[in-house]
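Below, each value reflects all heavy atoms present in this structure, side chains not excepted, and no hydrogens, waters or symmetry copies.
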Amino acid sequence: MSQNIEIEYKNLLTETEFNFLLSYFKLEAGHFKKQVNHYFDTPSFTLKDSGSALRIREKDHEFELTLKQPAQQGLLETNQILTDAQKKEALTTGKLPEGEVKDTVSSFIHDSEQLQYFGSLTTMRAEFKYKEGLLVLDHSFYLNTEDFELEYEVTDASEGLQIFFNLLTDLNIPVRHTDNKIKRFYAKKYPLL
C-alpha cells in the first residue's frame, strides 16, 4: 500500500493534434503501453459526489486498486496491489480486499450501500520526462468513444502549470477544459448525471 499526492494538468486533443505530437516528440507505436481502468462507485455515486474516484488499473499483467480523493493541492492517491483473484472478485461482486483502500472507502459509504462495477476505459499511453515532470500522451477507448489527451504530471503545481501552458502555446494547441477520465466515462455512460 502506498500514498502520494498527484498533481497533473490535462488537455484534450484533436486526432490531428495528437498525431502532430507523436511526430514532434518522435514517438512510435512501441512507445505506447496498454492499460485498462475499471471504475467503481455506489449506485447513488457516493464517491463521485464526494469528489473521489475508485478504480482498478490493469497494466503489464499487474493490478492496482486506487482511491483518489481531493487534497489541499492535487489528489491524494491511495494504492494497493491486487492479485488476479482479488481483481476478479471486485469486478464480479464489488467487494474490495482488506486494506487501507477498503477502510477509507467504507468511511464514505453507508452500510446499506455496496460498491458496483460500472465499466472500463482502455488507454494506449506513452510517457516520458519533459522538463520538471512527466508528459503523457493518451489515446483512450470507452463506450463506443475514443479521445486523445495530453497530461503533465508534476510535483510543483505552479511551475508545472506554467510549463504546460507554455508547451500548449508554443505548439498552437488551444487550452480546453478537460475532465479526468472517470468523469468523461460517467458523462458518456450517464449523460443526465
Side-chain angles (χ1 to χ4, degrees), residues 1-13 17-18 20-28 30-41 47-48 50-82 99-105 107-108 121-140 147-186:
M1 198 278 309
S2 67
Q3 285 189 317
N4 60 285
I5 295 292
E6 175 188 72
I7 301 169
E8 65 182 13
Y9 301 101
K10 302 169 173 290
N11 203 70
L12 283 171
L13 303 168
E17 291 164 348
F18 181 83
F20 168 74
L21 289 174
L22 294 182
S23 174
Y24 184 82
F25 289 112
K26 299 176 177 46
L27 298 174
E28 299 172 1
H31 290 104
F32 285 82
K33 305 290 183 210
K34 179 180 175 180
Q35 61 184 37
V36 181
N37 291 342
H38 301 285
Y39 296 124
F40 296 82
D41 207 326
L47 294 173
K48 177 184 166 292
S50 72
S52 300
L54 182 65
R55 72 164 187 234
I56 294 175
R57 175 171 284 169
E58 288 187 50
K59 185 176 167 183
D60 297 327
H61 306 292
E62 293 182 354
F63 313 102
E64 185 176 53
L65 178 65
T66 299
L67 175 66
K68 294 186 179 193
Q69 301 168 258
Q72 189 170 356
Q73 188 172 60
L75 295 171
L76 173 64
E77 282 192 353
T78 304
N79 303 297
Q80 181 178 337
I81 300 300
L82 302 182
E100 190 165 341
V101 173
K102 180 180 178 179
D103 294 345
T104 305
V105 167
S107 70
F108 282 92
L121 179 148
T122 300
T123 299
M124 296 304 295
R125 169 172 281 191
E127 52 187 33
F128 52 95
K129 290 186 180 197
Y130 179 77
K131 299 198 174 182
E132 303 303 315
L134 186 70
L135 202 59
V136 178
L137 270 173
D138 284 343
H139 183 188
S140 296
D147 65 33
F148 305 90
E149 180 181 17
L150 181 66
E151 293 183 5
Y152 191 45
E153 299 177 9
V154 296
T155 54
D156 183 302
S158 59
E159 181 181 22
L161 182 61
Q162 190 61 54
I163 291 169
F164 189 60
F165 280 147
N166 288 346
L167 175 64
L168 293 174
T169 300
D170 291 348
L171 299 178
N172 295 314
I173 296 174
V175 175
R176 298 179 179 101
H177 170 78
T178 302
D179 286 327
N180 62 28
K181 287 178 181 65
I182 193 167
K183 285 183 182 176
R184 298 197 312 263
F185 173 86
Y186 283 141

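A distance of 12.5 Å separates OH of Y39 from NZ of K183, quoted to the nearest 0.5 Å. The CD atom of E17 sits 14.0 Å away from atom OH of Y24, with the distance rounded to the nearest 0.5 Å. Here D179 contributes atom CG and R184 contributes atom CZ; the two are 7.5 Å apart, rounded to the nearest 0.5 Å. Taking NE2 from H38 and CG from L65, the interatomic distance works out to 11.5 Å, rounded to the nearest 0.5 Å. One distance of note links NE2 of H139 with CZ of R125; it measures 13.5 Å at 0.5 Å rounding. Here the OG1-NZ distance, from T123 to K33, works out to 15.0 Å after rounding to the nearest 0.5 Å.
The minimum heavy-atom distance between I7 and G74, with the atom names listed, is CG1-CA, 4.3 Å. Summarising the geometry of P70 relative to S50, their closest heavy-atom pair is CG-O, 3.7 Å, with the distance given to 0.1 Å. Between Q80 and G99, the closest heavy-atom pair is OE1-CA, 3.8 Å. Summarising the geometry of S158 relative to Y9, their closest heavy-atom pair is N-OH, 4.4 Å, with the distance given to 0.1 Å.
The salt bridge (Lys or Arg N to Asp or Glu O under 4.0 Å) search around E132 returns none, not counting sequence neighbours. Partners of K181 by salt bridge (Lys or Arg N to Asp or Glu O under 4.0 Å), not counting sequence neighbours, listed by chain and number: D138, E149, E151. Every residue meeting the salt bridge (Lys or Arg N to Asp or Glu O under 4.0 Å) condition with K102, not counting sequence neighbours, appears here in chain and number order: E98.
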Subject >> Test side-chain contact (heavy atoms from CB on, under 4.5 Å) applied to F128 and L27, step by step >> reply: CA-CA 10 Å; F128 52 95; L27 298 174; 3.7 Å; yes
Original post:
Does the pair T104 and Q69 meet the rule for a side-chain contact (heavy atoms from CB on, under 4.5 Å), with working shown?
Top reply: CA-CA 10 Å; T104 305; Q69 301 168 258; 3.6 Å; yes
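I5 has its side chain out of reach of L75: every pair of non-hydrogen atoms, C-beta onward, lies at least 4.5 Å apart. No side-chain heavy atom of E62 sits less than 4.5 Å from a side-chain heavy atom of I81. Between I163 and V154, the closest side-chain pair of non-hydrogen atoms is not below 4.5 Å. Under the 4.5 Å side-chain criterion, counting only non-hydrogen atoms from C-beta, L13 is not in contact with F20. At a threshold of 4.5 Å between non-hydrogen side-chain atoms, the residues I182 and K68 do not count as touching. Between V36 and K34 the shortest side-chain heavy-atom distance falls below 4.5 Å. Looking only at side-chain heavy atoms (C-beta outward), L135 and F25 come within less than 4.5 Å of each other. Here the side chains of L150 and T178 are not in contact, with every heavy-atom distance at 4.5 Å or above.
Looking at R57, its side chain never comes within 3.5 Å of a backbone N or O of E64 through a donor-acceptor pair. Looking only at distances, a side-chain donor or acceptor of D41 sits under 3.5 Å from a matching main-chain atom of K48. Panel note: side chain R176, backbone L12; a donor-acceptor pair is recorded below 3.5 Å. No side-chain donor-acceptor contact under 3.5 Å links N37 to the backbone of L121.
By the 30° and 60° cut-offs, the orientation of the rings of Y152 relative to Y130 is perpendicular.
Judged purely by distance below 3.5 Å, without hydrogens or angles, the side chains of T78 and Q3 pair a donor atom with an acceptor atom.
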